[in-house]
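Quick note on labels: first sequence line is chain A, next is B, and so on, each numbered from 1.
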There are 2 protein chains.
Amino acid sequence: MEEVTEAAPAKTRKGEQTREQILETALDLFREKGYEQTTMRAIAQAAGVAVGNAYYYFRSKEHLIQAFYGRLHDEHLAVCAPLLARQRGFPARLKIVLKTKIETAMPYHRFSAILFKTAADPASPLNPFSPDSEPTRRQGIDLFEEVVSGAGLKLPKDVRSELPYLLWLYEMGIVLFWIHDASAGCARTYRLIDKSVPLVSRLVSLARFPIARLFLKPALALVVDLRRPVEPEP
Amino acid sequence: MEEVTEAAPAKTRKGEQTREQILETALDLFREKGYEQTTMRAIAQAAGVAVGNAYYYFRSKEHLIQAFYGRLHDEHLAVCAPLLARQRGFPARLKIVLKTKIETAMPYHRFSAILFKTAADPASPLNPFSPDSEPTRRQGIDLFEEVVSGAGLKLPKDVRSELPYLLWLYEMGIVLFWIHDASAGCARTYRLIDKSVPLVSRLVSLARFPIARLFLKPALALVVDLRRPVEPEP
DNA sequence: TCTCCTTGTTGAACGTGTTCAAAATAGAAA
DNA sequence: TTTCTATTTTGAACACGTTCAACAAGGAGA
């Protein structure tokens, strides 16, 4: 529904149409030929506009990815929300979110590599930790907030509050693995999910016990500490 | 000493000189102006050669990074080896390796972002999981093998054999954090090291206890399973 | 010294992402 | 309708990474 960073205006009916046209064409070509093989000239031509027009709506070729990313999240949400509504167990809910994530992104497997590539650059607005992608990050974490709250877990306060963020990081790890996964049908990624979700779940259940908390308390303190944003050096 | 993937020959005294000249000039410029701001034309001109000559020795601009990476590892090794020789405790050894890693790379903080950016791309030869960078990966893991073996820990066999690899992943995590760290003097990264090393160390110590092994066994099995390389789909 | 093949070097040319001044087209106000 | 401004659209031009056919230098064997 909403784009991550509105790279450009669309103040007219006509404008919105053009913008949509360009994005749609770009994503088609990306899926078809891959990101690198698709030139801005090809996108413009296929969309029936001039090159410069594409740059009027999207600051750069990379910004097309950003738009794609937002769209992907919406699709993921649409797929997993109904499934989530009829599952209460924590590991089951977690597995649903992760599997639908991979399934939704699967048509863009090759393409997603570029996404992560640019996302890893601290200078890029696509970087998931950047202020620019605060909305995307918020949405991602919110989904896991929903996973946790819907599961009715009994958890210590500190764990409870950081868990959605930690699960979001966990998801990023899964996605990173998936991107590098060249196995048939990405079977290894699914195996990773199937086997790691129970481990994570058990780890979370342990959070209540004093012995585990000996560990968790400093670990969580560290996470909280490091999440606090800092102003860069002058 | 050794380069990661010999992108090009240097079969002559003269050739080696030229190669060295280009690499040195490139790294200087990268450090000075950043990677993106440094053009191949500028490198060639500053090195006193033609553009094409740079491409004779380095397959691409990115391959200059690869050469840099190998050089950085050698420097890191040179710095931390003597320190490692006079420290037996596991957490101390671990901390030495991580801190010297960051210190060695610090002059290239901005530049390293690009390294990780390209490294995140599965298609790139710089990707640390690619067959192409097997030597680099081997060297990185070997260093942690040395950290573990020199610490004289009593560990279960399965943990013992996977630990160097896991510590290497841990290091990658630290470096990833460092790259995104904009705090003054990267103070947060050092805090992360100071606080996470004891946690990791305690976690490792726990590996001997049966209760912990209830967890570790399936987790390690998963790691071992997923590390096994697979042929891509046909 | 001369020959011949490997190694090293050149720079113009290509395709790419991107910019920008100028032109065309809304859409509202008169 | 006509005018006027903000919005949209254009495509040539720019800078960059990269390629390649051609040329130069080096050095081993005669």
Please produce a list of atom pairs where a protein N or O lies less than 3.5 Å from an N or O of nucleotides 23-25 of chain C.
none

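Not one side-chain nitrogen or oxygen of A/Asn53 sits closer than 4.0 Å to the OP1 or OP2 atom of D/dT8. For A/Tyr56 and C/dC20, the shortest distance from a side-chain N or O to OP1 or OP2 is not below 4.0 Å.
Candidate nucleotides D/dT8, D/dT18, C/dT9 were compared by shortest atom distance to the side chain of B/Ser60, and D/dT18 ranks first. When each of D/dT9, D/dT18, C/dG17 is scored by its nearest atom to the side-chain atoms of B/Tyr55, the top-ranked nucleotide is D/dT18.
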Using the salt bridge (charged side-chain N to carboxylate O under 4.0 Å, His left out) rule, take B/Lys99 and B/Glu171 through it: C-alpha gap first, then chi angles, then the decisive distance, then the call. CA-CA 10 Å; B/Lys99 285 198 164 175; B/Glu171 183 196 55; over 6 Å; no

Determine, step by step, whether A/Asp225 and B/Arg188 satisfy the salt bridge (charged side-chain N to carboxylate O under 4.0 Å, His left out) criterion, reporting the C-alpha distance in whole Å, the side-chain angles of both residues, the deciding distance to 0.1 Å, and the verdict. CA-CA 9 Å; A/Asp225 177 25; B/Arg188 300 174 101 206; 5.9 Å; no

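Between A/Lys61 and B/Thr18, it is B/Thr18 whose nearest contact on DNA chain C lies nearer the 5' terminus.
Every side-chain contact (heavy atoms from CB on, under 4.5 Å) that B/Val224 has, sequence neighbours left out, goes to B/Glu162.
The distance from atom CD of B/Glu20 to atom C1' of C/dG8 is 17 Å, rounded to the nearest whole Å. The distance between atom CD1 of A/Ile22 and atom C1' of D/dT8, rounded to the nearest whole Å, is 10 Å. In this structure, CD of A/Glu16 is placed 12 Å from P of D/dT9, rounded to the nearest angstrom. Remark: P of C/dT7 and CD of B/Gln17 are 18 Å apart, rounded to the nearest angstrom. One interatomic measurement links the two molecules: CZ of A/Arg19 to C1' of D/dT7, which rounds to 15 Å at whole-angstrom precision. As a whole-Å value, the separation of B/Glu62 CD from D/dC16 C1' is 14 Å. Between A/Tyr57 atom OH and C/dT18 atom P the separation is 18 Å, expressed in whole Å. Between the NE2 atom of A/His63 and the P atom of C/dG17 there is a distance of 16 Å, rounded to whole Å.
Taking the six-membered ring wherever Trp is involved, the centroid distance between the rings of B/Phe144 and B/Tyr170 does not fall below 6.0 Å.
By the 6.0 Å and 45° rule, A/Arg110 does not stack over the aromatic ring of A/Tyr35.
Donor-acceptor pairing under 3.5 Å is recorded for the side chains of A/Tyr108 and A/Arg31. A donor atom on one side chain and an acceptor atom on the other are not found under 3.5 Å apart for B/His109 and B/Ser112.
Counting only heavy atoms from C-beta outward, the side chains of A/Lys61 and A/Phe30 approach each other to under 4.5 Å.
A salt bridge links A/Glu20 and A/Arg71; the closest N-O separation between the charged side-chain nitrogens and carboxylate oxygens is under 4.0 Å.
Contacts between residues 37-45 of chain A and DNA chain C, defined by a heavy-atom separation under 4.0 Å, are made by A/Thr38, A/Thr39, A/Met40, A/Arg41.
Nucleic acid contact for A/Val51: base, since at least one base atom lies under 4.0 Å from a heavy atom of the residue.
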